[in-house]
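Only one structure is covered here, and it is reproduced in the block below.
We name chains A, B, ... by the order of the sequence lines, and we start the count at 1 in each one.
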Amino acid sequence: MSEPNAETPSPAADHRDFIRDIVAADIASGRIGVPVTRFPPEPNGYLHIGHAKSICLNFGIAAEFGGHCNLRFDDTNPVKEEQEYIDSIQADVRWLGFDWGENLFHASDYFEQLYAWAVHLIREGKAFVDDLSADEIRETRGTLTEPGTDSPHRGRGVEENLDLFARMRAGEFPNGARVLRARIDMASPNINLRDPVLYRIVHASHPRTGDAWCIYPTYDYAHGQSDAIEGVTHSICTLEFDVHRPLYDWLIANLPVPHVPRQYEFARLALTYTVLSKRFLLRLVNDGRVRGWDDPRMPTISGLRRRGFPAEGIRNFATAVGVAKADSTHEVALLEHHVREVLNRTSHRRFGVIDPVKVVITNFPDDLVETMEVVNNPEDPSAGERPVAFGRELWIERDDFMEAPAPKFFRLAPGREVRLRNAYFITCDEVVKDADGRVTELRCTYDPATRGGDSPDGRRPKATLHWVSAAHAIPAEIRLYDYLFTRPDPGADGRDLLEDLNPASEAIVHGYVEPALAEARPGETVQFERLGYFCADPDSRPGALVFNRALTLKDTWAKVQARG
RNA sequence: UGGCGCGUGGCUCAACGGUAGAGCACCUGACUCUGGAUCAGGGGGUUCUAGGUUCGAAUCCUAGCGCGCCAGCCA
């Protein structure tokens, strides 16, 4: 049965994009031999589907062009970062099917070098220690249309700067007392060049360096230099960093780095009915609105995994999505398409009834149990067959019966004959209801000549239903998932995201599954015939099965109903 | 408003000066022991607008319009 695994992604399809074009041109021109890329997550939350796009891009390019991709934690802000996130990120990248080999790095590995280079900048007169407060720096930075003004400490001498910077490191000053700033141009039309902060004082212990440091480099200062140290050739990031590129280049140009990396920007992934904001996802987790970072409704890698989405489907989606510079929002339907494509191909079929109603076959011998051999996966003959018990009393789907059938409803109805998949044709003779008028039992008769599902006289029922023998059925908790949000564009028009949360995103029902599912292991995904794909949840145990609905099958009847 | 980026069918992306294509979505039909899967076909684009260059422009130039990003000691 299909399970999460980490097979190697197939290399270079025929997909091209502007970044791959650049890499190919750089190789052709001899600027580089092979590309070195990096995936640089900040360990301040769990990875989500947007990161998957970046992971597939960076590791994909490296693999396709014979280079390699580093996993580098951008751990420069200890107040937000945690070991739990470091661990989950590695697990998720691996699960997605990528391998960084020996190339696991941390920006914190370079703190000492970064510090030395900062000293270099000071000696060159290109950085200075500023005593201004955060507020004062903001006030003097100018605005989009007005230049900033120089800090009164901008002219501080080299020796004084060196002394102050050393004392910052030594812990002589409280948080926020001083910062190290690059001396560039307070009148630059690019605000990122108005003497940007390079180091700030943060008395906090770091997941890796502990209390060794109380000053930490900013992203702008740490990132490009880390790229240079690692020999990264193509530093690929999202669009919002493009205005930082001049600063990235300035630092590389003004420091004695061993290598010159270049930054390229692409549009981050956005999806309908989805929010990919770590901050908001954190809030959902902290407020207990979901079962955790790996809740099956979460767009996190771990959530998608728990939901039953295979890594291959996510990778194929990432490839299909492409890489470009225009802001864009993909329809979730594209993700679902790729997930269904692999699940259809790989998952075993099983019978599960989610909203059961009893069927009694009145002309079937009381004590007889027959065993049907049922194909595990019609898409994959090597998946074999399994025995399924059939008896006088069955559970079928309540939805598969209508006392007064609607015009295009082909399933069971009084007097109508349908096929029970891989079993017999049955005809409904009588409907039993309780005091409230709710159907409690359907009394049917079967045609013994149709065993296996075919009629010798060529009769062909218009519908085939799934079923489970009541005597053998195993009860199961089934969690039906829907979009986390009710709208394709959550939070649009200034609405609070919480307003758009879908109150029905999780519905728990209790049904019956066939015995073959008794020992389903968490992470195992199967198709419940005619219903959809279901994944055994980590909460599932023998005797207390729990399945998550990953996705329904495409359902044209539902579409017909929706049209009225 | 200053700087930067982007604008091609419902969505996303391709076409890199030579008659605008693909995937998803949507619709129709075939087939079927999953109303699934599969197969075949279909609708849908004044390539943001206006000028210009050229024999020829989605591609080059100019202007305008629209959208996004930047004024954290976040990344």
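Using a 4.0 Å heavy-atom cutoff across all strands shown, A:D21 reaches at least one base atom of the nucleic acid. At a threshold of 4.0 angstrom between heavy atoms, the contacts of A:G322 with the nucleic acid are absent. Among the atoms of the strands shown, none is found under 4.0 Å from any heavy atom of A:E265. The residue A:K408 sits close to a base: some heavy atom pair falls under 4.0 Å. A:I137 comes within 4.0 angstrom of a nucleotide base, judged by non-hydrogen atoms across all strands. Base contact: A:P378 has a heavy atom under 4.0 Å from a base atom. A:N190 comes within 4.0 angstrom of no nucleic acid atom, judged by non-hydrogen atoms across all strands.
Of the side-chain N and O atoms in A:T556, one or more sit less than 4.0 angstrom from OP1 or OP2 of B:G36. For B:A75, the OP1/OP2 oxygens have a side-chain nitrogen or oxygen of A:R200 closer than 4.0 Å. One finds no side-chain N or O of A:K325 lying less than 4.0 angstrom from the OP1 or OP2 phosphate oxygen of B:C4. One finds a side-chain N or O of A:T76 lying less than 4.0 angstrom from the OP1 or OP2 phosphate oxygen of B:A75.
Look at A:D242 and A:K325 and you find no salt bridge, because none of the NZ, NE, NH1 or NH2 atoms lies under 4.0 Å from a carboxylate O. Using a 4.0 Å cut-off between charged side-chain N and carboxylate O, A:R154 and A:D195 make a salt bridge.
Across all strands shown, the partner of B:C4 is B:G68, judged by Watson-Crick or G-U wobble contacts whose two distances both fall under 3.5 Å. In this structure B:G42 sits in a base pair with B:C26, meeting the Watson-Crick or G-U test at under 3.5 Å.
Remark: P of B:U38 and CG of A:L553 are 11 Å apart, rounded to the nearest angstrom. In this structure, OH of A:Y46 is placed 21 Å from P of B:A75, rounded to the nearest angstrom. Summarising the geometry, the separation between NE2 on A:H223 and P on B:G72 is reported as 21 Å, rounded to the nearest angstrom. B:C11 atom P lies 18 Å from atom NE2 of A:H338, rounded to whole Å. Atoms CZ (A:R169) and P (B:C73) sit 23 Å apart, rounded to a whole Å. Separating the CG atom of A:L47 from the C1' atom of B:A75 is a distance of 14 Å, rounded to the nearest angstrom. The CG-P distance, from A:D327 to B:C13, rounds to 9 Å in whole Å. In this structure, A:R411 places its CZ atom 11 Å from C1' of B:U34, rounding to the nearest Å.
Evaluation of atom-type donor-acceptor distances gives no pair under 3.5 Å for the side chain of A:H330 against the base of B:A25. A donor N or O paired with an acceptor N or O is found under 3.5 Å between the base of B:G36 and the side-chain atoms of A:E379. Taking only distance into account, the side chain of A:E331 meets the base of B:G10 through a donor-acceptor pair shorter than 3.5 Å.
At least one side-chain heavy atom of A:T238 sits under 4.5 Å from a side-chain heavy atom of A:F266.
Both cation-pi conditions hold for A:R169 and A:Y115: the charged atom is under 6.0 angstrom from the six-membered ring centre and inside a 45 degree cone around its axis.
When A:R530, A:R421, A:H466, A:E529 are each tested for a side-chain contact (heavy atoms from CB on, under 4.5 Å) with A:R349, only one passes: A:E529.
With centroids closer than 5.5 Å and planes inclined by less than 30 degrees as the test, A:W557 and the base of B:G35 pass as a stacked pair.
Rounding to the nearest 0.5 Å places CZ of A:R451 at 9.5 Å from OH of A:Y446.
Closest to the A:R141 side chain, of the nucleotides B:C74, B:G72, B:C6, is B:G72.
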